[in-house]
Amino acid sequence: FRCHGRAPRSFSGSPIPLCDGGRPERRSRGGAAMEDDREALEAFFQDDFEVGTDPRGRPVWRVAMPAHGATLAAVIPEGYPETEAPRPALEFDPWPVGGDEFA
């Protein structure tokens, strides 16, 4: 990431550099920006990060949280990052006691 020609800053120890206003600047649009984001997540989460697809063929990025028996899954829509945000969900294995309150 680049921040309008100057070095990026970190926010509260975040591994992803942020520009003023707390939003990373994109080097390019569309697929290249998505690839930059995927690479950053892969570098930070390493073996806990997984890329897959959902039944409709859309990319899904997953971050395992084994200590909690959960996985954060984000469906990456076609308009990401310009017009649509990822659609997050939590996956549990096994389903937690009282988990029906989430649904």
Side-chain angles (χ1 to χ4, degrees):
F1 292 107
R2 293 185 309 248
C3 291
H4 309 288
R6 53 186 189 271
R9 64 177 175 81
S10 291
F11 180 73
S12 299
S14 169
I16 301 173
L18 301 174
C19 300
D20 294 336
R23 295 186 59 176
E25 178 188 342
R26 304 288 178 199
R27 284 187 283 197
S28 57
R29 296 205 170 285
M34 185 171 99
E35 184 68 14
D36 287 348
D37 291 350
R38 186 199 56 77
E39 287 176 1
L41 291 168
E42 189 172 51
F44 183 75
F45 291 108
Q46 299 177 5
D47 292 339
D48 291 329
F49 182 72
E50 175 184 288
V51 174
T53 56
D54 70 2
R56 294 182 181 173
R58 297 175 295 193
V60 177
W61 296 348
R62 288 185 170 84
V63 177
M65 299 178 284
H68 303 287
T71 299
L72 172 65
V75 174
I76 309 300
E78 189 175 321
Y80 178 82
E82 279 76 30
T83 60
E84 293 183 78
R87 295 183 186 107
L90 286 174
E91 299 171 346
F92 295 96
D93 186 31
W95 188 252
V97 175
D100 291 339
E101 294 176 19
F102 294 121

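Numbers for residues simply follow the sequence, beginning at 1.
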Query raised in the report: Within a strict 4.5 Å, meaning less than it, do heavy atoms of the Arg58 and Tyr80 side chains meet?
Result: no
Query raised in the report: Any side-chain heavy-atom pair from Phe49 and Arg38 closer than 4.5 angstrom?
Result: yes
Query raised in the report: Can you tell me how far CD of Glu42 sits from CG of Asp48, rounded to the nearest 0.5 angstrom?
Result: 12.0 Å
Query raised in the report: Which heavy atom of Ala85 sits nearest a heavy atom of Pro77, and at what distance?
Result: O-CG, 3.3 Å
List the atom pairs, donor and acceptor, that lie under 3.5 Å between side-chain atoms in residues 62-75 and the rest of the protein, sequence neighbours left out.
| residue | atom | partner | partner atom | Å |
| --- | --- | --- | --- | --- |
| Arg62 | NE | Glu91 | OE1 | 3.2 |
| Arg62 | NE | Glu91 | OE2 | 3.4 |
| Arg62 | NH2 | Glu91 | OE2 | 3.3 |

Report task. Is it possible for you to say whether Ile76 and Phe44 belong to one hydrophobic cluster, with membership spreading through side-chain heavy-atom contacts below 4.5 Å? Result -> yes
